[in-house]
2 protein chains.
Amino acid sequence: MYFLEIKQAFEMDILIQHSKGTSDNGSTTEEKILHGACELFAHQGFQDTTVQQICRKADANIASVNYYFGSKGKLYIAAWTYAARLAEEVDGPIDESLPPEEWLRSVVQQRIKMMFSDGPGGWFPLLIHNEIHNQSVYFDEVVKTFLVRVRKQFNRKVAAYLGPEATPFQIESAVSAIMGFMPMAGQMRHHQKLQLDSDDLAQLTRQTQTYILGGLKAVKRLIQKEASR
Amino acid sequence: MYFLEIKQAFEMDILIQHSKGTSDNGSTTEEKILHGACELFAHQGFQDTTVQQICRKADANIASVNYYFGSKGKLYIAAWTYAARLAEEVDGPIDESLPPEEWLRSVVQQRIKMMFSDGPGGWFPLLIHNEIHNQSVYFDEVVKTFLVRVRKQFNRKVAAYLGPEATPFQIESAVSAIMGFMPMAGQMRHHQKLQLDSDDLAQLTRQTQTYILGGLKAVKRLIQKEASR
DNA sequence: GTCTATAGGGGGATAGAC
DNA sequence: GTCTATCCCCCTATAGAC
C-alpha cells in the first residue's frame with residue numbers, strides 16, 4: 001500500500017534526525033558560526049537576521065563573523081552552500097531517469113519531508129523560500145548557483161509530460177503552478193501552529209501529489225484539445 | 001467561446017485602467033501621501049519602504065507622514081484600507097451564491113487580473129503577497145481585518161465541493177494548495193520580465209483554472225476512495 | 001501646514017589592545 | 001583568535017522656527 005510506504009519513510013526520517021542529533025554544531029568557532037547562521041538565515045531570511053543574533057547563537061564574539069567570513073553577505077553565501085550539502089545528506093538526489101509522474105511524486109515527497117523536518121536538512125528549502133519571497137542583493141547569484149538547475153529539471157519533466165504541443169509559455173505556467181506547493185507547505189509549517197505527526201505528513205504528501213498530478217493531467221487535456229482545433 | 005470572454009474582460013480592463021488614469025494621486029498632501037505610500041508598500045513591503053521614499057514620491061516633506069498619520073505603522077494600516085477600497089472599485093465582490101467550481105473560476109480570473117494590472121487595483125493582492133511572505137509587526141491585525149474572511153470563504157467553497165467525507169485537515173490542505181496560485185502569479189509578474197498581453201493573460205487564466213479544478217477533482221476522488229474503505 | 005535640524009536607535013564593519 | 005570601543009550609515013520620529 002503506497003500510503004504506508006510514505007508514512008514509514010517519515011517515521012524513518014524522524015529516527016535519522018534523532019540519531020544524528022541536531023546539536024552537531026561543529027567544534028571550531030568558524031563551524032559554529034556557519035551552522036548557527038544557516039539556521040537563522042533559513043528561518044528569518046537575510047535582512048531580518050543580524051550579526052549579533054548569529055554570534056549570540058554561536059557563543060562567539062560580535063567581530064568573529066567578519067574575521068572568519070569577511071562580511072555578513074559572504075557568510076550568507078557560505079550558508080547556502082552548507083545548507084545544500086546538509087540537504088543532500090538527508091536525502092540524496094532524485095533519480096533523473098524516472099518518468100515524469102514518478103519523478104514529481106518523489107520530488108513532492110522529498111520537499112515536504114524537508115520542509116517539515118525541524119533539523120538542518122530542512123534549512124535549504126527554507127532558504128529558498130525566504131530568498132524568493134524577500135529578495136536580498138544576492139538573489140541573482142543564489143538563483144544562478146542553486147536554483148536554475150532545479151527549475152530546468154522541472155521544465156524538462158513537465159515538457160515531457162505535456163507533450164510536443166505545449167508551448168514554452170504553457171510549460172512555464174504549469175511549472176510555476178506546480179512549484180506553488182512549496183510556499184504552500186512553508187505556510188502550513190509556519191503559521192498553523194499545529195504539530196503534524198507522520199500520519200498527517202503522509203496524508204498531506206499523498207493529497208499534494210494527487211492534486212498536482214490531477215491538475216497537470218487536466219492541463220494536458222486542455223492543451224491537446226486546443227492543439228487539435 | 002469561454003476563452004474569448006476572458007480575453008475580452010482583460011481588454012476591457014486595460015481600457016478602464018487608462019480612462020481612470022493612474023495619475024489620480026489625489027489633491028491634498030494627505031491624499032498624495034496615502035496614494036504614494038500604498039503603491040510603495042504594495043511593491044516593496046513594509047520594511048523595505050522608507051518614509052523618505054514615500055515623501056519623495058508624494059512631493060511632501062519628510063515630516064508630513066507623522067503629521068498626518070502619526071507614524072509609519074499607522075500609515076501602513078491606512079494604506080491597506082485604501083488598497084482594499086481601490087480593489088473593490090476595479091472589481092466588485094464575487095457572487096457568493098455561485099457553485100464552487102464557478103466561484104473558483106471567477107476568483108482565479110479576478111486575482112490574475114488584479115495581479116497583472118499595473119494600476120492601483122493590483123495593489124491589494126500585492127500587499128497581501130508581501131505581508132504573508134515577509135511579516136511585519138502588523139501581521140496579526142492585517143490578517144484579522146482583511147484576510148480571515150477570504151480564507152473562510154475559500155474553506156466553505158472547497159468544503160462544499162469536496163463533500164462531507166473531507167476532514168478539516170484535508171480541506172485546509174486543499175485550500176492551501178489552491179491559494180498557492182497567487183504567489184505563483186506574483187512570481188511570474190515580478191521575475192519574468194516578459195510583458196504579457198491580454199492573450200497571454202487569458203491563456204494563463206484558463207490554464208490556472210483548469211489546473212486548480214483538475215487537481216481538486218482528483219483530490220475529491222482520493223478522499224471518497226479512502227472514505228469508502 | 002510646511003520646513004530644517006536633530007535626537008535616538010540599530011545595523012554592519014573595523015581598529016587596535018590583549 | 002578573541003575582545004572592546006568606536007565609526008559611519010540609515011532609519012523613524014519630533015521639536016521648534018517659519
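To find a chain, count down the sequence lines: A is the first, B the second, and so on, and within it residues start at 1. Values in this document were obtained by computation on a predicted structure and should not be read as measured data. Only this structure's heavy atoms are used, side chains among them; waters, hydrogens and symmetry mates stay out.
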By nearest-heavy-atom nucleotide on DNA chain C, the more 5' of A:Thr50 and A:Gly70 is A:Thr50
Compare the minimum distances between each of C:dT2, D:dA13, C:dG12 and the side chain of B:Tyr67, then state the nucleotide with the smallest one. C:dT2
Hits for side chain to side chain donor-acceptor pair (under 3.5 Å) against B:Asp140, two or more places apart or cross-chain, chain-then-number order -> none
Checking A:Ser176 against A:Arg151: is there a side-chain donor and acceptor pair closer than 3.5 Å? yes
Using a 6.0 Å cut-off, check whether atom CD of A:Gln53 has over 12 heavy atoms from anything other than its own residue. yes
Is the shortest side-chain N/O distance from A:Asn61 to OP1 or OP2 of D:dT4 below 4.0 Å? yes
Set out, in order, the CA-CA distance, both residues' side-chain angles and the distance that settles side-chain hydrogen bond (donor to acceptor under 3.5 Å, both in side chains) for A:Tyr76 and A:Glu131, then state yes or no. CA-CA 11 Å; A:Tyr76 185 59; A:Glu131 185 61 38; 2.5 Å; yes
Grab the CZ-C1' distance between B:Arg56 and C:dC3 for me, whole Å please. 17 Å
Checking side-chain polar atoms at under 3.5 Å, does A:Gln153 have a donor or acceptor matched by the opposite partner on A:Glu96? yes
Rounded to whole Å, the NZ-C1' distance (A:Lys72 to D:dC10) equals 14 Å
Name the nucleic acid region contacted by B:Tyr68, choosing base, sugar-phosphate or nothing; use a 4.0 angstrom heavy-atom cut-off, strictly under. sugar-phosphate
Could you give the CG-to-P distance, from B:Asp59 to C:dC3, as a whole number of Å? 9 Å
Short side-chain N/O contact to C:dG12 OP1/OP2 from A:Gln52, under 4.0 Å: no
Tell me what B:Thr29 touches on the nucleic acid: a base, only sugar-phosphate, or nothing, going by heavy atoms under 4.0 Å. sugar-phosphate
Spacing of A:Asp48 atom CG relative to C:dG10 atom P, expressed in whole Å: 15 Å
Quickly work out the A:Leu40 CG to C:dG11 P distance and round it to whole Å. 13 Å
C:dG1 C1' sits how many Å from B:Ile33 CD1, rounded? 11 Å
Taking CG from A:Asn66 and P from D:dT4, how many angstroms apart are they, rounded to a whole number? 16 Å
Calculate the interatomic distance between A:Gln47 atom CD and C:dG12 atom C1'; express it in whole Å. 13 Å
Please classify the nucleic acid contact of A:Ser71 as base, sugar-phosphate, or nothing, using heavy-atom distances under 4.0 Å. sugar-phosphate
